[in-house]
Amino acid sequence: QVQLVESGGGLVQAGDSLRLSCAASGRTFEWYSMAWFRQAPGKEREFVAGISRGGGSTAYADSVQGRCTISRDNARNTVYLQMKSLKREETAVYYCAARQRALAVARDGEYDYWGQGTQVTVSS
């Protein structure tokens, strides 16, 4: 079992930056590839970014490519999502997810564990 707790969400203005964190506990963090998803009101959950077990491979949704960076600190059992130039349409609940495979993927059904989410609200 892996427990995931997201933090760092809040209310920001369009164009601002924000860093989300996801702290993991339970099983060995390095066994899991990690990802961030988000779900806006009335929309389906969508993939934002993913990172492999060792951190050497990352993937991003086209919509955030160049503005977001996912990273992990296996010594701290934490994964991060740094977001820049936030847009109003990126208002959503952001979720952290863990998958007991080497590489992260964009399909949410492939993930074994999920956090409760952290709200990010981007105002104009």
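All values derive from a computational prediction rather than experimental measurement.
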Query - Partners passing side-chain contact (heavy atoms from CB on, under 4.5 Å) against Ala98 (at least two apart in sequence or in another chain) - result: Leu4, Tyr32, Met34, Tyr113
Query raised in the report: What ring-ring contact (aromatic ring centres under 6.0 Å, His included) pairs are there with at least one residue in residues 40-94, not counting sequence neighbours?
Result: Phe37-Phe47
Query raised in the report: What are the two closest non-hydrogen atoms of Thr91 and Val122, and how far apart are they?
Result: OG1-N, 2.8 Å
Query - Pairwise side-chain contact, Glu46 with Glu44, heavy-atom cut-off 4.5 Å (strictly under) - result: no
Report task. Considering non-hydrogen atoms only, spot the tightest contact between Phe29 and Val79 and give its length. Result -> CZ-N, 4.1 Å
Query raised in the report: In Å and rounded to the nearest 0.5 Å, what is the CZ to OG1 distance from Arg72 to Thr58?
Result: 12.0 Å
Report task. Please check if atom CZ in Arg67 has more than 12 non-hydrogen atoms from other residues, nucleotides or ligands closer than 6.0 Å. Result -> yes
Report summary line: Between the CG atom in Asp108 and the CZ atom in Arg45, the distance rounded to the nearest 0.5 Å is 4.5 Å
Requested in this report: Could you tell me whether a side-chain N or O of Thr69 sits under 3.5 Å from a main-chain N or O of Gln82, the two making a donor and an acceptor?
Outcome: no
Query raised in the report: Quick one: does Arg53's side chain have a donor or acceptor within less than 3.5 Å of a partner on Trp31's backbone?
Result: yes
Query raised in the report: Got a donor-acceptor contact below 3.5 angstrom from the Glu6 side chain to the Gln116 backbone?
Result: yes
Side-chain donor-acceptor distances from residues 7-24 under 3.5 Å, at least two apart:
residue : atom : partner : partner atom : Å
Asp16   : OD2  : Gln13   : N            : 3.0

Query raised in the report: Minimum heavy-atom separation for Trp36 to Ile70, with atom names?
Result: CD1-CD1, 3.6 Å
Report summary line: For Val64 and Glu90 the tightest heavy-atom approach is CG1-OE2, 3.8 Å
Query - Atom pair OG (Ser52) and CZ (Arg101), whose distance is rounded to the nearest 0.5 Å - result: 15.0 Å
Query - Under the side-chain contact (heavy atoms from CB on, under 4.5 Å) test, residues paired with Glu89 that sit two or more places apart - result: Lys87
**Report entry** Heavy-atom closest contact (Ala35 atom, Tyr111 atom, distance)
**Finding:** CB-OH, 3.3 Å
Report summary line: Glu110 meets the side-chain contact (heavy atoms from CB on, under 4.5 Å) criterion, sequence neighbours left out, with Arg99, Val105, Arg107
Query raised in the report: Tell me the disulfide bond (SG atoms under 2.5 Å apart) pairs involving residues 24-95, sequence neighbours left out?
Result: none
